[in-house]
Asks: 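Quick one: structure below, then a few questions.
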Amino acid sequence: MDLTRADGSPLRVLVVDDEQNLAELVSMALRYEGWEVATAHTGTKAVDAAREQRPDAVVLDMMLPDFDGLEVLRRMRATQPELPVLFLTARDAVEDRVAGLTAGGDDYVTKPFSLEELVARLRGLLRRSGARRVESSSLLVVGDLELDEDSHEVRRGGEEIALTATEFELLRYLMRNPRRVLSKAQILDRVWNYDFGGQANVVELYISYLRKKIDAGREPMIHTMRGAGYVLKPGA
């Protein structure tokens with residue numbers, strides 16, 4: 001959430017994939033980063049969308065129903081020569097990857113991919129293309145637990161703890177509200193920020209993941225308040 005356009009407005013990303021469910025899944029992950037996202041399901045619509053919306057980056061599937069990703073890229077680059085592109089490819093053939101990169105694609109991920117990897121690759125492309133980092137104090141500290149919002153490093157008692165992107169965001173929310181009881185609804189709204197159809201058990205699941213990493217073998221910091229929610233506070 002620390003990357004913006006030079007004027008401070010949200011970054012714009014165009015997601016191009018003919019698999020609508022996959023395009024929507026990727027779009028949700030990118031919106032979660034605070035970016036504006038548009039989608040297109042054919043090469044023709046992708047080129048039109050790029051011309052109209054002037055995105056800051058494109059996530060582009062190699063295989064589209066009308067023409068392939070390389071042709072989409074060629075047409076987009078005719079009007080936006082520096083446009084960063086992350087290719088999605090289901091093929092393992094090295095030649096395809098090399099062809100994409102030499103045609104001007106900046107990076108690629110091979111299907112199936114993790115959303116975390118895709119977001120990380122895209123953040124790297126956007127940084128290299130000049131997206132601006134929002135400067136702020138980045139260190140959150142509660143007891144012996146530290147979270148760096150810029151480097152995404154987490155330590156407890158000086159020991160580094162590896163978290164997934166969702167675990168990190170959940171912990172960040174808890175640490176921004178120490179000693180405050182947060183309901184499942186509040187956590188869902190802030191951390192997932194889209195409708196899970198009432199599936200609050202996703203919160204329980206991620207709280208359990210987080211406990212295994214943060215509290216394992218240590219004084220517990222994440223506490224369940226029956227019927228109310230969860231609270232993070234230093235061990236007694």
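Just so you know, these numbers use all the heavy atoms, side chains as well, and skip hydrogens, waters and symmetry mates. Computed from a prediction, not measured in an experiment: that's the story for all the values here. Position 1 is the first residue of the sequence; numbering continues from there.
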Asks: For the pair Glu24 (side chain) and Asn21 (backbone), establish whether a donor and an acceptor sit closer than 3.5 Å, ignoring hydrogens and angles.
Replies: no

Asks: Asp148 versus Leu139: any side-chain heavy-atom pair under 4.5 Å?
Replies: yes

Asks: Is any side-chain heavy atom of Tyr32 closer than 4.5 Å to one of Val119?
Replies: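 Side-chain contact under 4.5 Å: no.
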
Asks: Say whether, by atom type as modelled, one donor and one acceptor occur between the side chain of Asp215 and the main chain of Ile222 under 3.5 angstrom.
Replies: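 Yes; judged by distance alone, with no hydrogens or angles, the pair exists.
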
Asks: In terms of side-chain geometry, is the basic nitrogen of Glu146 or Arg155 positioned less than 4.0 Å from the acidic oxygen of its partner?
Replies: no

Asks: Decide, yes or no, whether a salt bridge links Arg31 with Glu36 under the criterion of side-chain N to carboxylate O below 4.0 Å.
Replies: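 No, this pair does not count.
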
Asks: Ignoring hydrogens and geometry, is there a side-chain-to-backbone donor-acceptor pair from Arg12 to Val37 under 3.5 Å?
Replies: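 Flag not set: sc Arg12 to bb Val37 has no pair under 3.5 Å.
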
Asks: Contact between Gln80 and Pro55 at the side-chain level, heavy atoms closer than 4.5 Å - yes or no?
Replies: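 They are in side-chain contact.
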
Asks: Going by an N to O cut-off under 4.0 Å, is there a salt bridge joining Arg51 and Asp48?
Replies: yes

Asks: Measuring from Arg127:CZ to Leu122:CG, what's the distance to the nearest 0.5 Å?
Replies: 10.5 Å

Asks: How long is the straight-line distance from CD1 of Ile187 back to CD of Glu204, given to the nearest 0.5 Å?
Replies: 10.5 Å

Asks: Using 4.0 Å as the upper bound for N to carboxylate O, is an ion pair formed by Glu19 and Lys111?
Replies: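 Yes, Lys111 and Glu19 are salt-bridged.
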
Asks: Which distance, rounded to the nearest 0.5 Å, do you find between the CG of Leu163 and the CG of Leu170?
Replies: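 Result: 9.5 Å between the selected atoms.
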
Asks: Applying side-chain contact (heavy atoms from CB on, under 4.5 Å), run through Leu115 and Val26 and close with a yes or a no.
Replies: CA-CA 7 Å; Leu115 288 173; Val26 170; 4.1 Å; yes

Asks: Would you indicate whether the side-chain heavy atoms of Leu126 and Trp35 approach each other to under 4.5 Å?
Replies: yes

Asks: So, taking the atom named CG in Leu205 and the one named CD1 in Ile207, what distance separates them when rounded to the nearest 0.5 Å?
Replies: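 Answer rounded to 0.5 Å: 10.5 Å.
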
Asks: About how many Å separate CG of Leu14 and CG of Leu30, when rounded to the nearest 0.5 Å?
Replies: 10.5 Å

Asks: If you measure from the Lys or Arg side-chain nitrogens to the Asp or Glu carboxylate oxygens, is any gap between Arg121 and Glu116 under 4.0 Å?
Replies: no

Asks: Which pair of heavy atoms, one from Pro84 and one from Leu125, lies closest together, and at what distance?
Replies: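 Heavy-atom minimum between the residues: CB-CB, 4.3 Å.
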
Asks: Let's go through Arg123 and Glu33 carefully: what are the C-alpha distance in whole Å and the side-chain angles of both, what is the deciding distance for salt bridge (Lys or Arg N to Asp or Glu O under 4.0 Å) to 0.1 Å, and is it a yes or a no?
Replies: CA-CA 10 Å; Arg123 288 172 74 87; Glu33 293 293 311; 2.5 Å; yes

Asks: Do Arg75 and Thr44 have side-chain N/O donor and acceptor atoms under 3.5 Å apart?
Replies: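 Note: Arg75 and Thr44 side chains miss the donor-acceptor criterion.
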
Asks: Looking at Asp66 and Gly43, would you say the former's side chain and the latter's main chain have a donor-acceptor pair under 3.5 Å?
Replies: yes

Asks: Would one find more than 12 heavy atoms of other residues, nucleotides or ligands at under 6.0 Å from atom CD of Glu160?
Replies: yes

Asks: Are Leu145 and Leu171 side-chain neighbours, meaning at least one heavy-atom pair lies under 4.5 Å?
Replies: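 They are in side-chain contact.
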
Asks: So, does His223 use its side chain to make a donor-acceptor pair with the main chain of Val231 at under 3.5 Å?
Replies: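 Judged by distance alone, no pair lies under 3.5 Å.
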
Asks: If only atom types and distance count, is the side chain of Lys184 paired as donor or acceptor with the main-chain N or O of Asn201 below 3.5 Å?
Replies: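 Answer holds: no.
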
Asks: Apply the test side-chain contact (heavy atoms from CB on, under 4.5 Å) to residues Val58 and Val13: give CA-CA distance (whole Å), side-chain angles for both, the deciding distance (0.1 Å), then the verdict.
Replies: CA-CA 6 Å; Val58 179; Val13 181; over 6 Å; no

Asks: With the side chain counted from C-beta on, respond yes when Leu86 and Leu118 share a heavy-atom pair under 4.5 Å apart, and no when they do not.
Replies: yes

Asks: To the nearest 0.5 Å, what is the distance between CD1 on Ile214 and CE on Met175?
Replies: 8.0 Å

Asks: May I ask you to test the Thr42-Leu64 pair for a side-chain heavy-atom distance under 4.5 Å?
Replies: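 Side-chain contact under 4.5 Å: no.
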
Asks: Does the Glu169 side chain pair with the main chain of Arg190, one donor and one acceptor, at a distance under 3.5 Å?
Replies: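 Answer holds: no.
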
Asks: For Glu71 and Asp68, indicate whether the former's side chain and the latter's backbone hold a donor-acceptor pair under 3.5 Å.
Replies: no

Asks: Show your reasoning for whether side-chain contact (heavy atoms from CB on, under 4.5 Å) applies to Tyr230 and Val181.
Replies: CA-CA 5 Å; Tyr230 302 96; Val181 178; over 6 Å; no

Asks: Using the side-chain contact (heavy atoms from CB on, under 4.5 Å) rule, take Leu88 and Met62 through it: C-alpha gap first, then chi angles, then the decisive distance, then the call.
Replies: CA-CA 6 Å; Leu88 306 180; Met62 270 284 207; over 6 Å; no

Asks: Looking at Glu149 and Phe168, what are the two nearest heavy atoms and their distance?
Replies: CA-CZ, 4.1 Å

